[in-house]
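The structure appears right after this line, and notes come after that.
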Amino acid sequence: QVQLVESGGGLVQAGASLRLSCAASGRASSNYIMGWFRQAPWKEREFVACIGRSGRTTYYTDSVKGRFTISRDNAKNTAYLQMNSLKPEDTAVYYCAVDSGVILRSTTTTYDYWGQGTQVTVSS
């Protein structure tokens, strides 16, 4: 089993940057693909980005390409989401999740464990 704890959320103005962290405990995070999802009020949870076990492969949803960067430090059992040029539409609760599969995937049902989420609010 894996426990995930997100941090780094906050209230920022449009155009600002934030870096989210996801600390994993329990089984080593290097055993998993790590992903970020987000859920805005009254909307379904949506995929943001994920990263392979070694950190060499990544996958992003189109709306964040060029603005967000996912990375990981397996020695620290931590994944990061660097978010630049934030927009009001990025406002959501951001969740970290891990997938024991071998293919980078964007569907919520393929992820095995989830964190509690961290709120990101972007004002215009």
Side-chain angles (χ1 to χ4, degrees):
Q1 193 167 358
V2 177
Q3 293 78 43
L4 302 170
V5 178
E6 303 95 336
S7 61
L11 170 63
V12 296
Q13 290 189 327
S17 298
L18 280 174
R19 187 175 84 152
L20 306 183
S21 298
C22 172
S25 60
R27 200 158 177 238
S29 63
S30 57
N31 291 292
Y32 299 95
I33 290 166
M34 299 187 78
W36 287 95
F37 290 76
R38 64 187 180 186
Q39 188 166 18
W42 313 111
K43 293 187 177 180
E44 291 189 354
R45 192 169 298 187
E46 65 173 358
F47 170 77
V48 176
C50 62
I51 186 166
R53 288 174 174 77
S54 67
R56 290 193 294 268
T57 54
T58 58
Y59 175 34
Y60 297 91
T61 192
D62 286 345
S63 63
V64 307
K65 284 180 181 176
R67 300 190 298 123
F68 291 11
T69 303
I70 189 171
S71 61
R72 66 190 297 165
D73 183 340
N74 287 336
K76 296 181 178 180
N77 282 322
T78 301
Y80 304 96
L81 186 68
Q82 177 67 45
M83 305 186 295
N84 298 329
S85 302
L86 282 162
K87 303 175 181 180
E89 51 263 44
D90 295 318
T91 295
V93 177
Y94 283 70
Y95 297 91
C96 175
V98 294
D99 178 2
S100 58
V102 296
I103 300 172
L104 299 185
R105 295 176 287 191
S106 61
T107 51
T108 58
T109 54
T110 62
Y111 285 76
D112 304 290
Y113 299 100
W114 293 81
Q116 294 300 305
T118 185
Q119 176 71 47
V120 172
T121 303
V122 185
S123 64
S124 57

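Excluded from the calculations below are hydrogen atoms, water molecules and symmetry mates; all remaining heavy atoms, backbone and side chain alike, are included.
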Is any side-chain heavy atom of [Y] closer than 4.5 Å to one of [X]?
| X | Y | result |
| --- | --- | --- |
| D99 | D112 | yes |
| F68 | T61 | no |
| S30 | R53 | no |
| C50 | R105 | no |
| R67 | M83 | no |
| T91 | Q119 | yes |
| R38 | V64 | yes |

In Å and rounded to the nearest 0.5 Å, what is the [atom1] to [atom2] distance from [X] to [Y]?
| X | Y | atom1 | atom2 | value |
| --- | --- | --- | --- | --- |
| C96 | Q116 | SG | CD | 11.5 Å |
| Q82 | S21 | CD | OG | 9.5 Å |
| M34 | N74 | CE | CG | 8.0 Å |
| L11 | S123 | CG | OG | 5.5 Å |
| E46 | T108 | CD | OG1 | 11.5 Å |
| Q1 | R27 | CD | CZ | 12.0 Å |

Closest non-hydrogen atom pair, [X] against [Y]:
| X | Y | value |
| --- | --- | --- |
| W36 | A79 | CZ2-O, 4.0 Å |
| L4 | Y113 | CD1-O, 3.4 Å |
| A24 | S29 | CB-CB, 4.0 Å |
| T107 | T110 | O-OG1, 2.8 Å |
| A14 | S124 | CB-CA, 4.4 Å |

One thing to verify: whether D90 and K87 come together as a salt bridge, which I'm taking to mean a side-chain N less than 4.0 angstrom from a carboxylate O. no
Transitive ILVMFWY cluster of Y111 at side-chain heavy atoms under 4.5 Å: who else is in it?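 Direct or chained contacts put Y111 with I33, F37, F47, Y59, V93, Y95, L104, W114.
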CA sep, side-chain torsions, deciding dist, call: V120, L20, side-chain contact (heavy atoms from CB on, under 4.5 Å): CA-CA 9 Å; V120 172; L20 306 183; 4.0 Å; yes
Please answer: with hydrophobic residues joined when any side-chain heavy atoms are less than 4.5 Å apart, are Y94 and Y80 in the same cluster?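 Y94 and Y80: separate clusters.
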Polar side-chain atom of Y60 near backbone of I70 as donor-acceptor pair, under 3.5 Å: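 Answer holds: yes.
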Please check this pair: side chain of E6 against backbone of C22, looking for a donor-acceptor N/O pair closer than 3.5 Å.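 No.
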